[in-house]
Enquirer: 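To start, I am sharing the structure in question, which I have written as structure tokens.
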Amino acid sequence: MRFAIFGDIHANLEALETVLADARENGCSHFVCLGDVVGYNANPHECLEIVRGLGCPVVKGNHDEQAAISDSLDGFNPLAEEALNWTRENLTVDDKKFLNELRLVRQVRDFTIVHATLDTPHKWGYVFNQLDASASFSYQHTSVCFFGHTHAPRAYIRDGPVMSIPLDKIKFEMGKKYFINIGSVGQPRDGDWRAAYVIYHVDKNFIELRRLEYDIQTAQKKILAAGLPKRLADRLAIGK
Ligand code: ZN
């Protein structure tokens with residue numbers, strides 16, 4: 001059995017369609033979404049419809065949370081704020097209800113999923129190093145947990161001390177714990193513009209990171225046509 005584990009789509013329809021097509025071509029029959037379906041890019045409603053259509057487990061991201069309510073946007077940078085205000089106007093009441101009802105942490109089979117951190121998932125902290133990962137490991141009750149939020153793929157492994165290694169292919173070993181950042185479908189920030197997601201080969205205890213080129217020009221044109229900030233289109237091309 002193969003799971004496609006993806007998140008931080010951020011309303012990038014071209015990247016999402018490319019990822020899901022690749023997942024199906026590679027034999028994935030199960031899907032898991034780590035949140036931030038909306039925000040930043042130009043197709044929030046369309047991306048939500050696709051994710052909802054998969055009928056898969058989804059956890060809430062910080063952009064999902066903010067897009068679903070109408071409070072003022074404290075704690076977001078001006079670029080994210082402008083995009084979120086636009087997103088709120090371009091989601092249906094039903095879209096917002098779906099986002100609002102998402103849970104922060106879920107267990108799927110024998111692994112856990114969360115958008116940001118396991119220690120304080122509602123505070124939307126970022127895991128950038130072993131120290132940050134250690135805090136989450138204290139609350140991780142399965143041997144594997146997948147997360148997102150930083151938009152940069154990375155693997156943290158606890159085998160005594162916590163190690164941090166680039167994410168490529170990993171075979172899970174007994175007795176170790178794994179906290180895996182799967183990167184971002186729709187707005188990668190690790191300097192590589194290609195869409196990222198992970199395939200989990202459940203029977204082989206094995207994961208692989210996938211990076212895919214997609215129709216970035218169309219995604220950029222839509223951002224500009226929607227009147228969203230040009231910087232949001234530019235950043236897609238540099239992966240930052
Ligand atoms: Zn995000």
Side-chain angles (χ1 to χ4, degrees), residues 4-16 19 32-48 50-51 57-69 73-88 90-91 95-96 98-100 102-106 113-118 120-128 132 136 145-154 167 179-198 209 211 214 216 219 223 228-229 231-240:
I5 307 192
F6 65 100
D8 289 293
I9 299 137
H10 286 294
N12 187 333
L13 181 62
E14 288 68 33
L16 177 61
V19 160
V32 170
C33 176
L34 303 194
D36 273 2
V37 180
V38 304
Y40 291 126
N41 298 306
N43 286 114
H45 171 72
E46 293 79 3
C47 288
L48 257 180
I50 290 174
V51 170
V58 185
V59 284
K60 188 185 283 184
N62 50 323
H63 287 253
D64 303 324
E65 176 183 68
Q66 289 299 320
I69 57 177
L73 288 156
D74 290 342
F76 280 83
N77 67 59
L79 205 59
E81 188 176 330
E82 199 175 335
L84 267 169
N85 283 324
W86 182 91
T87 300
R88 284 172 172 174
N90 286 276
L91 290 176
D95 290 338
K96 291 181 186 180
F98 174 82
L99 291 175
N100 201 32
L102 293 173
R103 282 180 274 161
L104 294 170
V105 184
R106 288 186 67 163
I113 57 172
V114 67
H115 184 69
T117 72
L118 284 175
T120 51
H122 60 288
K123 289 190 175 168
W124 311 115
Y126 290 90
V127 174
F128 284 125
D132 302 332
S136 275
C145 176
F146 297 100
F147 74 108
H149 196 40
T150 67
H151 299 205
R154 192 89 193 156
L167 180 59
F179 192 47
I180 308 290
N181 191 313
I182 59 156
S184 168
V185 170
Q187 195 196 73
R189 294 181 194 157
D190 60 336
D192 181 342
W193 68 273
R194 297 174 301 163
Y197 81 103
V198 157
L209 178 69
R211 294 307 291 252
Y214 68 95
I216 189 171
I223 289 168
L228 284 160
R231 257 195 70 197
L232 292 175
D234 294 341
R235 72 187 299 177
L236 290 182
I238 54 170
K240 286 285 181 194

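Just follow the structure's listing: the first ligand is 1, and inside any ligand the first atom is 1. Counting begins at 1 with the first residue of the sequence.
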Enquirer: Would you check if the side chain of Asp95 reaches a backbone N or O of Leu48 as a donor-acceptor pair within less than 3.5 Å?
Expert: no
Enquirer: What orientation do His149 and Tyr126 show, parallel under 30°, tilted 30 to 60°, or perpendicular over 60°?
Expert: parallel
Enquirer: Given atoms NE2 of His151 and NE2 of His10, what angle do they subtend at the Zn ion (ligand 1), to the nearest 10 degrees?
Expert: 90°
Enquirer: Output the atom name for the N/O/S atom of Asp36 with the smallest distance to the Zn ion (ligand 1).
Expert: OD2
Enquirer: Looking at Asp8, pick out the N, O or S atom nearest to the Zn ion (ligand 1) and give its name.
Expert: OD1
Enquirer: Of the options Val59, Val58, Ile113, which is the one that meets Val32 in a side-chain contact (heavy atoms from CB on, under 4.5 Å)?
Expert: Ile113
Enquirer: Could you label the plane-to-plane angle of the His63 and His10 rings as parallel, tilted or perpendicular, counting under 30° as parallel and over 60° as perpendicular?
Expert: perpendicular
